[in-house]
2 protein chains.
Amino acid sequence: MEYKFVIIDHAFEIYVGAIALLFTALGIWLALKLSKPKLQTVVIEKEVYVQKPDPGFVPDEIQLTKMGISKREWEVLTLMSQGLSNQEIANQLFVSLNTVKTHGSNLFLKLDVKRRTQAIEKAKRMGMIG
Amino acid sequence: MEYKFVIIDHAFEIYVGAIALLFTALGIWLALKLSKPKLQTVVIEKEVYVQKPDPGFVPDEIQLTKMGISKREWEVLTLMSQGLSNQEIANQLFVSLNTVKTHGSNLFLKLDVKRRTQAIEKAKRMGMIG
DNA sequence: TTATCCCTCATACTTTTGGGTGATTTTACC
DNA sequence: GGTAAAATCACCCAAAAGTATGAGGGATAA
């Protein structure tokens, strides 16, 4: 019963309210649709551990010569010690994977080791690589 | 002169239009003000220099804890760095080859590396192993 | 010129390493 | 006593590493 009176009495206000709501919604939709998305940049600092380059490292030529390790083999050894795979070393040196493997095998023979990890360990101890 | 009539004749429509405009504007303002900004993450790599103590070496517990590396994983890592194969590590620790592999995999995940040689290189730089 | 390295690359094969999944058992802590 | 992390192990599969062998070309020295 009372609703009727309310509606009748305030028909105009209700109408205006409806319009207001409708167009507020339209405005929101417009803004969302047309405005460039706001970008908030979140800066995340990722710690990267870098070896402070040893200023005066020189490979022990004596040892290299004594073990009969060639320049190319030394390069392969160095890249191995940096954690590169044979394929990555091949790409780096612009040679084939097989070539790197060959250098590797010769290296292991000369260093008298069985694996690259051993080669790295030994070469470091002997001052061949930094 | 004519404006007057226009205004009078269409007073209601103009009023509604004004309301519409006003609330459209309100909607736009609301959306712009309240919409969540899109997040854009920018990762900045921050270089942290670490020194490598040679003589009396103690593993950097801070780093180990930060990377969530367990005692057993550290042992495996250490033996890896000494050039042992997984099988040799298994013998040394009196566990199965599979166990060593599992520790290895977890290690690589935690250190965010792909190969044992990388793990060794990184762990050394971070002072986890000597 | 021949001999000898070094570097290159290939093929074929074996071993090692690594990834993924899932499960059981210990250990440690609340 | 529950629960969470650590440690253990297995199985399967794929990729990488390593071995063996041969071979061609370039530089260099006897």
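Quick note on labels: first sequence line is chain A, next is B, and so on, each numbered from 1. Here the structure is a predicted model, which means the values were calculated and not measured.
Closest approach of Pro59(A) and Leu64(A) over heavy atoms only: CB-CD1, 4.1 Å. Here the shortest heavy-atom pairing between Leu77(B) and Ala123(B) reads CD2-CB, 3.6 Å.
The side chain of Arg116(A) places an N or O atom within less than 4.0 Å of a non-bridging phosphate oxygen (OP1 or OP2) of dG18(D). Considering only side-chain N and O atoms, His103(B) lies under 4.0 angstrom from the phosphate OP1 or OP2 of dT8(D). Residue Thr99(B) places no side-chain N or O under 4.0 Å from the OP1 or OP2 atom of dT8(D).
The closest donor-acceptor contact from the side chain of Arg115(A) to the backbone of Gly83(B) lies under 3.5 Å. Of the possible polar contacts, one joining the Lys122(A) side chain to the Leu111(A) backbone as a donor-acceptor pair under 3.5 Å is found.
Remark: Asn91(A) engages Gln87(A) in a side-chain contact (heavy atoms from CB on, under 4.5 Å) (not counting sequence neighbours).
Distance Gln118(B) CD to dA17(D) C1': 15 Å, rounded to the nearest Å. Spacing between atom CG of Leu109(A) and atom C1' of dT21(D) amounts to 13 Å, rounded to whole angstrom units. Per the geometry, CG belonging to Leu97(B) stands 11 Å off C1' belonging to dA10(D), to the nearest Å. If you measure from atom CG of Asn98(B) to atom C1' of dA6(D), you get 17 Å, rounded to the nearest angstrom.
Between Arg115(A) and Gly68(B), the residue whose closest nucleotide on DNA chain D is further toward the 5' end is Gly68(B). Along DNA chain C, the nucleotide nearest to Phe94(A) and the one nearest to Lys110(A) differ in position, and the one closer to the 5' end is contacted by Lys110(A).
Heavy atoms of Ser96(B) sit under 4.0 angstrom from primed sugar atoms or phosphate atoms, though from no base atom.
The residue from Arg116(A), Gln82(A), Met80(A) that alone fulfils the side chain to side chain contact (heavy atoms under 4.5 Å, CB included) condition with Thr117(B) is Arg116(A).
Here the range on DNA chain C touched by chain A, meaning any atom under 4.0 Å from one of its heavy atoms, is dC7(C) to dT17(C).
Of the residues in residues 69-89 of chain B, those placing a heavy atom less than 4.0 Å from an atom of DNA chain C are Ser85(B), Asn86(B), in numerical order.
A distance of 8.5 Å separates CD in Glu61(A) from CH2 in Trp74(A), rounded to the nearest 0.5 Å.
Between Lys114(B) and Glu88(A), none of the side-chain N atoms (NZ, or NE/NH1/NH2) sits under 4.0 Å from a carboxylate O, so this pair counts as no salt bridge.
Annotation for Gln63(A): atom CD counts as buried by contact number, over 12 foreign heavy atoms lying within 6.0 Å.
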